[in-house]
Amino acid sequence: MTDKVKVATVSLAGCFGCHMSLLDIDERLAELVERVTFDRSPFTDKKILGECDIGIVEGGVCNAENVEVLREFRRRCRTLVAMGACAINGGVPAMRNSFSVRECIGESYVRGIGVEDPQVPDDPELPLLLDQVHPVHEVVRIDYFLPGCPPPADTIWAFFTALLEGRDPTYSYRQIHYD
Amino acid sequence: MTPRGAQTPVTPSDPGDSLLQALVRRQWTHGGIDEIAMAEIAGRYGVSVGEVRGVVHFYAFLDDASGVTHDIRVSDNIVDRMAGSAELMALLARETGLSPGESRGPARLSFTSCIGLSDQGPSLLVNGLAMARVDAGRAAQIAERVRRGESVSRWPASWFTIEDNVRLPGRLLRGAFAPGEALGRARRIGSAALLDELEASGLRGRGGAGFPTARKWRLCAAAPGAHRVVVCNADEGEPGTFKDRVLLANHADRLLEGMAVCAAATGADIGLVYLRGEYRNLLDGLEGAISRLRAAGVIGDGFDVHVHLGAGAYICGEESALIESLEGHRGVPRIRPPFPVTRGYRGHPTVVNNVETFIAAAMVALNGPGWLREEGTPQSAGTRLLSVSGDCASPGIYEVPFGISIAEVLERCEARDTRAVQVGGPAGSLVPATRFDHRISHEDYSTGGSFMVFDDSRDLLDVVTNFTRFFTHESCGFCTPCRVGGALLGKRLDKIAGGGGTRVDVETMRQFAGVMRSASHCGLGQTASNPVMDLIEYFPEAIDARLCSMDYAPAFDLDAALREARELTGRDDPRAHLDRSEA
């Protein structure tokens with residue numbers, strides 16, 4: 001049990017699609033859990049991050065909480081991976097980058113169609129939005145990038161297998177050819 | 001439509017004309033090319049409006065709106081910056097009320113890439129005409145006339161005086177002969193003997209790459225084609241180079257005769273000079289020389305020369321992009337092979353040589369193969385014109401024998417406390433003092449002639465950032481490694497300059513540079529990372545002292561990124577802040 005590789009995963013400003021794609025490795029999941037154990041992850045519902053070998057981040061950085069979580073992942077994970085288009089480029093959430101935070105909040109909570117009791121949410125429990133959505137490598141150092149929207153299960157598997165065998169992950173052209 | 005690259009017929013009046021030339025003329029006469037004009041020109045040249053628009057947007061000196069009356073472009077080369085171009089820009093903006101880069105209205109103010117006046121900066125172009133040594137007083141006068149809306153044609157001619165600044169003339173600059181003498185001898189000995197002599201002379205291309213001239217001419221002569229074409233590359237765009245400016249102004253006759261000699265050797269019937277748009281002030285002189293040589297019978301009978309004007313695109317100095325531009329297209333480099341010598345202008349075998357190469361070829365045709373060999377080194381015969389600028393007492397043109405050391409050049413131009421020399425322009429090499437014993441030659445530091453000197457007071461990170469921005473701006477956009485790689489390098493350099501850089505950023509720049517070198521479509525992208533790599537290799541202290549961490553830090557202030565949300569919510573609690581130092 002103790003010699004298993006510890007893996008943590010998180011979805012920041014993402015859609016969990018990359019995590020779903022990870023589950024698409026299907027029966028290979030059994031093989032995976034033979035070799036790894038999951039720490040903090042949506043798969044385990046653990047809220048506290050321990051010391052890990054590999055951290056996998058889906059989604060970009062859109063708010064203060066994302067920054068804190070990402071920093072913690074960087075501190076506790078020996079190897080940190082940006083998974084998917086949003087983590088690598090900002091993706092769909094970054095489409096708001098051409099608008100101000102004021103315009104975005106206004107559209108959602110003040111002027112938007114169907115909004116009742118319009119007001120700017122200001123509860124201290126809520127994380128504040130950054131003025132721009134950033135890819136994760138603009139906030140912390142990232143060791144590996146796993147491209148795709150989402151990366152297909154085979155690509156994720158190729159990535160994991162390489163990393164667990166101590167190789168630098170490489171992909172065949174087909175595995176990262178998306179258009 | 002004829003496929004690109006196929007041989008197409010050329011009529012005698014044809015070579016002087018193209019879609020691009022029509023657009024350049026329209027730009028002059030109407031201060032831009034609006035949609036109506038684009039449609040009209042598209043109809044005239046039998047191309048789509050989309051293609052015309054694509055050409056207009058490719059070239060920096062073409063505007064897609066008409067009615068620009070005052071178009072001021074301040075030269076942005078680092079040496080112009082050192083001479084105060086940023087202050088000049090600020091002053092012009094304040095005095096005219098124009099915002100730099102704003103692309104609306106009849107008067108415009110912007111930066112442009114090096115305009116070939118690094119020896120007498122800060123410099124600028126007004127409606128394409130060059131002005132040197134623009135001090136505060138002159139800038140105020142310019143602004144005053146722009147404000148009044150006074151036509152540039154009424155501005156004092158003395159404002160447009162350009163100095164030659166020839167500091168050290170050698171055999172090439174001093175050489176002279178009566179029109180027709182070199183061509184006469186070339187014809188007497190015949191093309192076979194002429195090519196043998198040229199080969200024996202050791203002449204190599206002066207544009208920077210140093211390809212043996214005789215071999216290029218032979219390849220063209222041997223290639224099948226209905227026409228053969230001689231092109232002079234006078235698109236002197238490498239920042240810090242200005243020797244062709246002086247050659248074109250004073251030695252155009254010998255240049256044209258050199259082209260005629262090439263025509264005699266290769267059997268060419270068409271001659272074209274591609275003059276960069278920045279040198280429009282040299283156009284009348286060049287046309288005058290063409291008329292003179294036609295009258296003297298040197299050209300015009302079986303081989304005639306026409307001038308094409310560029311429109312502000314550095315990439316057009318690359319020979320296959322230059323040919324695309326001559327044909328009127330966007331200046332995107334072609335895939336080689338086939339090389340222009342077999343398939344060039346409109347598919348015909350084409351020789352493209354630098355201004356200085358043709359003049360040297362004319363001198364060899366006149367004086368025989370030994371003339372060049374009297375100076376230089378075994379692999380680099382003859383002399384080299386250096387365009388010396390930057391931190392030295394006497395910037396200007398130095399004709400030096402190949403094999404001269406960098407230290408000797410620095411002594412000649414009276415440079416003191418020199419920290420580094422950029423040899424060969426941004427695409428060349430940043431040379432540290434420990435290598436000043438190296439030599440200017442094809443065996444050692446090969447160069448197109450740019451020689452920019454930086455002394456102890458200069459921040460080399462600034463220098464390299466300026467060069468990197470230049471390449472990013474001038475990328476034709478065709479291939480991703482160059483288009484994106486340059487921008488990424490620029491961002492990392494800004495991050496380091498802003499005190500937010502880390503060791504990881506330096507390593508990332510190395511990776512970008514590797515991709516750009518190996519995967520770019522043409523020489524621009526392949527060399528665009530040279531300044532950054534030279535800085536990392538030879539001047540690590542210029543970077544390391546600025547790094548805030550040996551690990552990693554963001555390029556932006558995370559806490560400041562929350563400011564807008566704080567204002568919006570009225571919050572200022574601890575969770576409404578992010579600590580920058582904590583990683």
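Labels below follow one simple rule: chain letters A, B, ... track the order of the sequence lines, proteins then strands, and each chain is numbered from 1. None of the values given here were measured: they were computed from a predicted structure.
Ring-centre distance between B:Phe556 and A:His134: below the 6.0 Å cut-off.
Residue with the most contacts toward chain A among B:Ala561, B:Pro574, B:Gly570: B:Ala561 (heavy-atom pairs, distance under 4.5 Å). Taking chain B as the reference chain and counting heavy-atom pairs below 4.5 Å, the highest number among A:Val101, A:Leu129, A:Asp123, A:Val120 is found for A:Val101.
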*salt bridge (charged side-chain N to carboxylate O under 4.0 Å, His left out) assessment of B:Glu567 paired with A:Arg102*: CA-CA 9 Å; B:Glu567 285 166 12; A:Arg102 180 177 296 276; 5.1 Å; no

Audit row: B:Leu578, A:Leu130, side chain to side chain contact (heavy atoms under 4.5 Å, CB included) steps and yes/no: CA-CA 10 Å; B:Leu578 284 164; A:Leu130 297 167; 4.2 Å; yes

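Interface residues of residues 39-67 of chain A toward chain B, defined by a heavy-atom distance below 4.5 Å and sorted by number: A:Ala64, A:Val67.
Residue contact with chain B, scored on non-hydrogen atoms closer than 4.5 Å, involves the backbone of A:Glu125 exclusively. Looking at B:Arg566, both its backbone and its side chain come within 4.5 Å of chain A, counting heavy atoms on both sides. With a 4.5 angstrom heavy-atom cutoff, A:Glu138 touches chain B via backbone and side-chain atoms both.
Rounded to the nearest 0.5 angstrom, A:Arg141 CZ and B:Thr502 OG1 are separated by 9.0 Å. A distance of 7.0 Å separates CG of A:Leu128 from CG of B:Asp573, quoted to the nearest 0.5 Å. Atoms CD and CD1, from B:Glu564 and A:Ile105 in turn, are 9.5 Å apart once rounded to the nearest 0.5 Å. Rounded to the nearest 0.5 Å, atoms CG (B:Leu558) and CZ (A:Arg71) are 5.0 Å apart.
Within a 6.0 Å radius of CZ in B:Arg575, no more than 12 heavy atoms belonging to other residues, nucleotides or ligands are found.
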